[in-house]
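The structure follows.
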Amino acid sequence: MSNPSEINGGSAVAMIGKDCVAIACDLRLGLQSVTVSGDFEKIFQYGGNFVAFTGLATDVQTVSTELRQKHALYEMVEERSMEPNTAAHLVSSMLYSRRFAPWFVGPLVAGINSTTGEPYVCSFDSIGSMDVSHDFVVTGTATNQLYGMAESLYEKDMSPEQLFETISQTLLCAADRDAITGSGGLVYVIEKNGKVTKKLLKSRQD
Amino acid sequence: MSIVSQSPYVDMKALKKGEVNLGTSIMAIKFKDGVILGADSRTSMGAMVANRVTDKLTKVHDNIWCCRSGSAADTQAVSEYVRLYLDQYKINYGREPTPKTAAALFRKLCYENKNVLTAGIICAGFDEKTGGEIYSIPIGGSVHKQDYAIAGSGSSYIYGLCNTHYKQEMSQDEAVEFVKMSLTQAIRWDGSSGGCIRMVILTKNGVERLLFTPQEYQLN
Amino acid sequence: MAGLSFDNYRRNKSLEASGVLPPKTTSTGTTIVGCKFNGGVILSADTRATAGMVVADKNCLKLHRLAPNIWCAGAGTASDNDKVTELESSQLEIHSQWTGRAPRVVTALTHLKQHLFKYQGHVGAYLIIAGVDVTGSHLFSLHAHGSTDVGPYLALGSGSMAALSVLESKWKEDLTKEEAMELCSEAIMAGVFNDLASGSNVDLCVIEKGKPSRLHRGYKQPNQRLQKQRNYNFDIGTTSYFEAGSEVFYISKQSDLETSAMEVDQVS
């Protein structure tokens, strides 16, 4: 046990397509090399925003719950749905408020802006530095592998169907080269018209 | 600026990691008509020269200035507090603060926050009644009234030199030459001092600033 | 800052005591420069953000707007730079609304240095601050511990040595705007190509007296990726998935729910 972000394992990736975004995570929860669970979902839905949290599982649960509160309060007070960039800034502020005592999480935000129709993905470090990307973002213990896969597989303006294949293969192949990422995958493809396709991937279980 | 002290002992350790350092040669002397403050212009971060034309001579009031050595951040913060307090002093009491008042403020800040500060300051000023005055406030926060004061890493090399050559009641030209000669030697032998020599002359006529580039002061 | 929370501090400290390493944060291992010219001042920066040896962002923006007439470039910890500049820009806006005047560069500088000094270097923002105000054009650098410097040209960050070598050899007095833009971008390029933690493109911002500030995003783009000749697109249906665990649904808007609820109360 040396790095809190690598105790439980797990990774996530998000990609932009044409009028759509996709976000995917693995399903493993472990204690170092011991796999404890194979259905630990790391993607959480907040209205039209999908947020993945990787890192220390206890913090993943704490932060995702706290974000649920804040999101609900926002929609109640503002009487409108939260846009993805707003969600991203909210996550960033939450993380930076713990600047000197951080949560060990690496979040991703994915969604489509309801007024402009622009797809949006963003990643963060544990203290809230935002990295808004025009193609893809990755996080988790398989970060290096995901970067390698995504850099080579990613194409601009993919259709929702094509985007599903690309993000799935990116995740599955990266997970094959990370011992503590895997045990199944979960993919959400979000389209401009509000259609969400959730798919549970078949993957190796070792 | 009250900072809760964590330890009763003075932490004489070097600067915090990555902190900007005024590895310095600074001095101030009294002469016939007032005082002269002098300093080199190098600031370093480890082995890197962060600024080669730094101004370490800082105004805290019209006729009271200081030379800063130690941590750049700490000494800038302290002298800005003193500047604020002296401005308030003038408003509250309707008269110019004396160099002695300024030195007392420096002492208060440096002594009460000795656990967190790395600041070696020479405070010098011209006073209508008493003429020039020089106060040295080294790291622990003590005050020493002196005819001339030297401080900073480069000062070690010129203690004997200054002691031998300093005379009371020098003319302005003699005094400028003395400061220039002394700092030239400090810069010559101290690796963390360098750049230009800056001077500030405080007399009844006001403030005069001088700048000597390496070409102007270096002998060979 | 509305008070930072130290709730996890003791937990994380005890983790650290048992040999746990602190988390890796995104750092803008950076080259940033600033340079004055005869009508104003220029800021320039590279666009690489790193986390260890991984390039976290290939095209991040390190030039921040504090006020319409005051900009700053940041090196050091990415989130600290973002938050500290966000905070300062809102406080400057409030200050200028309150006073009815355009903010001054020294106001931003003093305020930022007091904030950074308070945090004793733990807020890792290393800034070059530039702008024009009623007193003229100004260029300052500010280190994380709270020390400031003044100069006609300045460089900061891991690539500052490379940038400074260009500035020291080519800077002269009374530069024109075009000369200064060329000098700054050349200095950043020296960092981009010679410092591993700096890379990608050159961003540049020109702040001139009596003119709106102009940000040139991607002023120089010497590291464009070559167009791929072929692609790795998979055939649709390549990835196998469980029909059982999969579903299709539609996002419901909060406003949709709200309008339908409200209509119930309408008196016809």
Side-chain angles (χ1 to χ4, degrees), chain A residues 1-5 45 47-48 55 59 75-76 78-82 92-93 95-104 114 123-131 133-134 143-144 147 152-153 155 158 161-162 164-166 168-169 172 185-187 190 193-202, chain C residues 1-13 15 18-26 28 49 51 54-57 59-60 77-83 119 122-123 228 231-256 258:
Chain A
M1 191 182 92
S2 65
N3 186 348
S5 314
Q45 189 187 350
D59 287 355
E75 298 218 323
M76 214 168 86
E78 297 275 327
E79 297 186 9
R80 61 193 169 110
S81 51
M82 186 184 271
S92 174
S93 300
L95 296 181
Y96 196 77
S97 75
R98 294 273 197 296
R99 168 63 178 82
F100 296 114
W103 281 306
F104 299 108
S114 65
S123 71
F124 308 82
D125 67 3
S126 61
I127 53 170
S129 166
M130 285 171 68
D131 173 5
S133 179
H134 61 277
T143 292
N144 294 322
Y147 268 130
S152 51
L153 297 190
E155 299 289 333
M158 285 183 284
E161 296 74 26
Q162 186 64 57
F164 167 74
E165 301 298 340
T166 303
S168 300
Q169 291 303 319
L172 293 173
L186 182 65
V187 182
I190 304 114
N193 58 10
K195 183 184 175 192
V196 181
T197 314
K198 178 184 177 183
K199 279 177 180 160
L200 194 59
L201 304 185
K202 284 184 185 170
Chain C
M1 197 140 306
L4 295 172
S5 166
F6 286 77
D7 287 3
N8 291 340
Y9 186 79
R10 282 163 64 88
R11 182 196 73 166
N12 293 0
K13 260 282 178 273
L15 282 169
S18 58
V20 167
L21 302 163
K24 239 184 236 168
T25 52
T26 310
T28 47
V54 174
V55 177
D57 194 344
N59 193 198
C60 77
T77 313
S79 69
D80 285 332
N81 279 307
D82 292 348
K83 295 299 162 186
Y119 284 96
H122 295 294
V123 171
K228 279 198 283 187
N231 63 51
Y232 288 108
N233 278 345
F234 295 96
D235 293 337
I236 307 295
T238 302
T239 314
S240 48
Y241 58 92
F242 296 104
E243 290 292 344
S246 305
E247 55 177 318
V248 176
F249 57 95
Y250 284 83
I251 297 164
S252 57
K253 275 194 188 176
Q254 203 270 349
S255 51
D256 298 342
E258 201 58 44

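Per chain, numbering begins at 1; letters A, B, ... match sequence-line order.
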Least distance between heavy atoms, A101(A) atom then S5(C) atom
CB-O, 4.3 Å
With a 4.5 angstrom heavy-atom cut-off, which part of I190(A) approaches chain C: side chain, backbone, both or neither?
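Contact with chain C is through the side chain of I190(A) alone.
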Greatest number of non-hydrogen atom pairs under 4.5 angstrom with chain C, of M158(A), E161(A), E155(A), falls to E155(A)
Set of side-chain hydrogen bond (donor to acceptor under 3.5 Å, both in side chains) partners for Q162(A), sequence neighbours left out:
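Partners of Q162(A) by the side-chain hydrogen bond (donor to acceptor under 3.5 Å, both in side chains) criterion come out as none, since no residue qualifies.
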Among F6(C), Y9(C), Y232(C), F234(C), which residue forms the greatest number of heavy-atom pairs with chain A at distances under 4.5 Å?
F234(C)
Short side-chain to backbone donor-acceptor contact, K228(C) and S152(A), under 3.5 Å
yes
Could you look at V55(C) and say if it's the side chain, the backbone, both or neither that has a heavy atom under 4.5 Å from chain A?
backbone
Chain C interface, residue from K195(A), Q169(A), E165(A) that has the most non-hydrogen pairs under 4.5 Å
E165(A)
Part of D235(C) within contact of chain A (heavy atom distance under 4.5 Å):
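Only the backbone of D235(C) comes within 4.5 Å of chain A.
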Whether F164(A) and Y241(C) hold their rings parallel, tilted or perpendicular, with breakpoints at 30° and 60°
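F164(A) vs Y241(C) ring planes: perpendicular.
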Heavy-atom donor-acceptor pair, R99(A) side chain to H122(C) backbone, under 3.5 Å:
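Yes.
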What residue in G128(A), G185(A), S92(A), S93(A) has the most heavy-atom pairs under 4.5 Å with chain C?
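Winner by heavy-atom pair count: S92(A).
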Could you report the tightest heavy-atom contact between P102(A) and I127(A), atom names first, then the distance?
CB-CG2, 3.9 Å
Pick whichever of G245(C), G237(C), A244(C), S240(C) has the most heavy-atom pairs under 4.5 Å with chain A.
S240(C)
I'd like to know if R98(A) and D59(A) make a salt bridge, using a cut-off of under 4.0 Å between side-chain N and carboxylate O.
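Salt bridge: no.
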Side chain / backbone / both / neither for R11(C) at chain A, heavy atoms under 4.5 Å
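For R11(C), the contact with chain A is made by the side chain alone.
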Heavy-atom pair count under 4.5 Å with chain C, highest-scoring of Q45(A), M130(A), K199(A)
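Most pairs with chain C among the choices: K199(A).
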Using non-hydrogen atoms only, which part of S123(A) is less than 4.5 Å away from chain C: side chain, backbone, both, or neither?
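Contact with chain C is absent: no heavy atom of S123(A) under 4.5 Å.
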Who are the side-chain hydrogen bond (donor to acceptor under 3.5 Å, both in side chains) partners of D82(C), not counting sequence neighbours?
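Partners of D82(C) under the side-chain hydrogen bond (donor to acceptor under 3.5 Å, both in side chains) test: none.
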Heavy-atom pair count under 4.5 Å with chain C, highest-scoring of V196(A), L172(A), V187(A)
V196(A)
